[in-house]
Peer 1: 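To start, I am sharing the structure in question, which I have written as structure tokens.
Quick caveat: nothing in here was measured; it's all calculated off a predicted structure.
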Amino acid sequence: MLIRGCKVLLVFLLALYYALVAFGNITDPEGNLAFIGHIMSMDTIFPDSTLTWRAITQPVLHSVAYWIIILWQIVTAVLLTIGGVALWGERDSGPAFQQAKGTAFLGLTAGFSLYLFVFLIVGGEWFAMWQSQTYNAQAGAFRFLAVTGFIFLILLHRDDRASDL
């Protein structure tokens with residue numbers, strides 16, 4: 001039961017992490033929206049890059065992308081919270097705990113997908129964010145991927161034996 005309790009705690013802490021990031025984005029839209037705008041506008045990448053044809057410079061589309069990211073963060077936090085509650089409720093039974101992991105895995109997948117797709121694939125590669133010295137969120141995205149991925153792997157371990165701590 002101890003290990004199951006540790007897993008529940010990790011899911012709740014990750015839910016808090018995503019919720020705080022969403023809260024920060026909501027309460028500081030000027031700085032964070034500008035960051036997204038620079039990435040999508042590709043105005044800080046290598047000056048001789050031939051990839052700038054991909055740039056999206058319309059501020060309304062920057063805002064749409066920004067709010068999609070925030071909504072995705074909120075959904076992730078909610079799924080992780082619901083998943084954590086479900087896991088907490090079944091922590092005394094190995095088989096029931098194993099069955100209760102579904103929503104937590106949905107939250108983990110949502111969070112992992114956000115930072116892999118939006119920040120590494122779209123931002124990093126499509127908008128060549130890796131070329132920017134100023135507006136490059138790849139290291140931050142990797143931190144989210146690493147933490148979320150580690151918790152995914154930890155939760156993946158089966159918990160259906162009576163002898164589990």
Side-chain angles (χ1 to χ4, degrees), residues 1-37 39-40 61-127 129-130 132 135-165:
M1 184 163 105
L2 174 65
I3 291 174
R4 290 191 290 267
C6 292
K7 291 178 180 186
V8 172
L9 176 63
L10 292 174
V11 170
F12 278 131
L13 288 174
L14 192 59
L16 177 62
Y17 189 28
Y18 278 94
L20 287 174
V21 170
F23 180 74
N25 285 332
I26 290 167
T27 58
D28 182 21
E30 290 79 26
N32 293 316
L33 178 56
F35 196 96
I36 298 297
I39 291 168
M40 293 176 70
L61 295 179
H62 300 166
S63 293
V64 168
Y66 182 67
W67 289 104
I68 286 171
I69 291 168
I70 292 171
L71 181 61
W72 202 331
Q73 291 165 335
I74 291 168
V75 167
T76 299
V78 168
L79 286 170
L80 288 169
T81 301
I82 292 169
V85 169
L87 292 171
W88 178 256
E90 301 298 344
R91 70 190 181 284
D92 293 331
S93 168
F97 186 84
Q98 186 66 27
Q99 291 296 316
K101 291 180 178 181
T103 306
F105 278 127
L106 285 175
L108 290 163
T109 302
F112 198 89
S113 298
L114 169 62
Y115 286 90
L116 177 61
F117 178 68
V118 172
F119 288 92
L120 294 187
I121 296 171
V122 175
E125 293 304 319
W126 183 256
F127 291 117
M129 180 173 56
W130 65 271
S132 177
Y135 295 99
N136 189 334
Q138 290 186 306
F142 183 77
R143 282 192 299 274
F144 274 92
L145 288 172
V147 171
T148 304
F150 283 138
I151 294 173
F152 193 102
L153 291 174
I154 290 166
L155 192 62
L156 193 59
H157 178 266
R158 295 193 62 83
D159 297 282
D160 51 1
R161 296 186 317 251
S163 63
D164 287 338
L165 295 175

Peer 1: Nearest 0.5 Å please: distance from the CH2 atom of Trp126 over to the CD1 atom of Ile121.
Peer 2: 13.0 Å
Peer 1: Can you list the residues that meet the side chain to side chain donor-acceptor pair (under 3.5 Å) rule with Gln98, with sequence neighbours excluded?
Peer 2: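 For Gln98, the residues satisfying side chain to side chain donor-acceptor pair (under 3.5 Å) (neighbours in sequence not counted) are Lys101.
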Peer 1: I want to check something: taking the side chain as every heavy atom from C-beta on, are Phe12 and Val85 in contact at a cut-off of under 4.5 Å?
Peer 2: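 Side-chain contact under 4.5 Å: yes.
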Peer 1: Run the side chain to side chain contact (heavy atoms under 4.5 Å, CB included) test on Trp72 and Val118 for me, step by step, so that the C-alpha distance in whole Å, both residues' side-chain angles and the decisive distance to 0.1 Å come before the verdict.
Peer 2: CA-CA 10 Å; Trp72 202 331; Val118 172; 3.6 Å; yes
Peer 1: Just by distance, do the side chain of Arg91 and the backbone of Arg4 share a donor-acceptor pair under 3.5 Å?
Peer 2: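 No, the answer is negative, given that no donor and acceptor are paired below the 3.5 Å cut-off.
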Peer 1: Indicate whether the side chain of Thr148 and that of Tyr17 have a donor and an acceptor atom separated by less than 3.5 Å.
Peer 2: no
Peer 1: Please assess Phe150 against Leu10 for the test side chain to side chain contact (heavy atoms under 4.5 Å, CB included), listing each intermediate value before the final yes or no.
Peer 2: CA-CA 10 Å; Phe150 283 138; Leu10 292 174; over 6 Å; no
Peer 1: Strictly by salt bridge (charged side-chain N to carboxylate O under 4.0 Å, His left out), give each pair with a member in residues 67-78 just once, sequence neighbours left out.
Peer 2: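 Listed once each, the pairs would be none.
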Peer 1: Which distance, rounded to the nearest 0.5 Å, do you find between the OH of Tyr135 and the CD1 of Ile39?
Peer 2: 9.5 Å
Peer 1: Specify the closest pair of heavy atoms between Gly83 and Val11, including all atoms of both residues, with the distance to one decimal.
Peer 2: C-CG1, 4.5 Å
Peer 1: Whether the side chain of Tyr66 engages the backbone of Asn25 through a donor-acceptor N/O pair (distance < 3.5 Å, no angle test) should be reported.
Peer 2: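 Flag set: sc Tyr66 to bb Asn25 pair under 3.5 Å.
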Peer 1: With rounding to the nearest 0.5 Å, note down the distance linking CZ in Phe23 to CG in Leu16.
Peer 2: 12.0 Å
Peer 1: Are Phe97 and Val8 packed together at the side-chain level, in the sense that at least one heavy-atom pair is separated by less than 4.5 angstrom?
Peer 2: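 Result yes, sub-4.5 Å side-chain heavy-atom pair found.
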Peer 1: Could you measure the distance from the CG atom of Leu33 to the CD1 atom of Ile69? Nearest 0.5 Å is fine.
Peer 2: 9.5 Å
Peer 1: Considering all heavy atoms of both residues, which atom of Leu116 and which atom of Leu145 are nearest to each other, and what is their separation?
Peer 2: N-CD2, 3.7 Å
Peer 1: Taking all non-hydrogen atoms of both residues into account, name the closest pair between Leu155 and Ala104 and its distance.
Peer 2: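 Distance-wise, the nearest heavy atoms are CD2-CB, 3.6 Å.
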Peer 1: With rounding to the nearest 0.5 angstrom, report the CZ to CZ distance, Phe117 to Phe112.
Peer 2: 14.5 Å
Peer 1: Considering all heavy atoms of both residues, which atom of Ala19 and which atom of Ala77 are nearest to each other, and what is their separation?
Peer 2: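 Minimum heavy-atom contact is N-CB, 3.7 Å.
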Peer 1: What verdict does the ring pair (Phe, Tyr, Trp, His ring centres under 6.0 Å) test give for Phe144 and Tyr18, after you've listed the backbone C-alpha separation in whole Å, the side-chain angles of each residue and the deciding distance to 0.1 Å?
Peer 2: CA-CA 9 Å; Phe144 274 92; Tyr18 278 94; 5.4 Å; yes
Peer 1: Sequence neighbours left out, what pairs pass side chain to side chain donor-acceptor pair (under 3.5 Å) with at least one residue falling in residues 106-119?
Peer 2: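 Found Gln73-Tyr115.
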Peer 1: Looking at Trp67, I'd like to know if its CH2 atom is crowded, meaning that more than 12 non-hydrogen atoms belonging to other residues, nucleotides or ligands lie closer than 6.0 Å.
Peer 2: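 For Trp67, atom CH2 is crowded (more than 12 foreign heavy atoms under 6.0 Å).
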Peer 1: Going through the checks in order, is the side chain to side chain contact (heavy atoms under 4.5 Å, CB included) test met by Trp130 and Gln138?
Peer 2: CA-CA 7 Å; Trp130 65 271; Gln138 290 186 306; 3.2 Å; yes
Peer 1: With Thr103, which residues qualify under side chain to side chain donor-acceptor pair (under 3.5 Å), at least two apart?
Peer 2: none
Peer 1: Would the distance check show the side chain of Asn136 and the main-chain N or O of Met129 forming a donor-acceptor pair, the cut-off being under 3.5 Å?
Peer 2: yes
Peer 1: Which value, rounded to the nearest 0.5 Å, describes the distance between Ile70 atom CD1 and Ile74 atom CD1?
Peer 2: 7.0 Å
Peer 1: For Ala15 and Thr81, which heavy atoms make the closest approach, and how far apart are they?
Peer 2: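 Reported closest heavy-atom pair: CB-OG1, 3.5 Å.
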Peer 1: Applying salt bridge (charged side-chain N to carboxylate O under 4.0 Å, His left out), which residue pairs with at least one partner in residues 7-32 are found, sequence neighbours left out?
Peer 2: Lys7-Asp159
Peer 1: Show me the pairs that pass salt bridge (charged side-chain N to carboxylate O under 4.0 Å, His left out) and involve residues 63-87, at least two apart or across chains.
Peer 2: none
Peer 1: Taking atom CZ of Phe105 as the centre, does the number of heavy atoms from other residues, nucleotides or ligands within less than 6.0 Å exceed 12?
Peer 2: yes
Peer 1: Measure across Ala141 and Leu120 and return the closest heavy-atom pair with its distance rounded to 0.1 Å.
Peer 2: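 Heavy atoms of Ala141 and Leu120 come nearest at CB-CD2, 4.1 Å.
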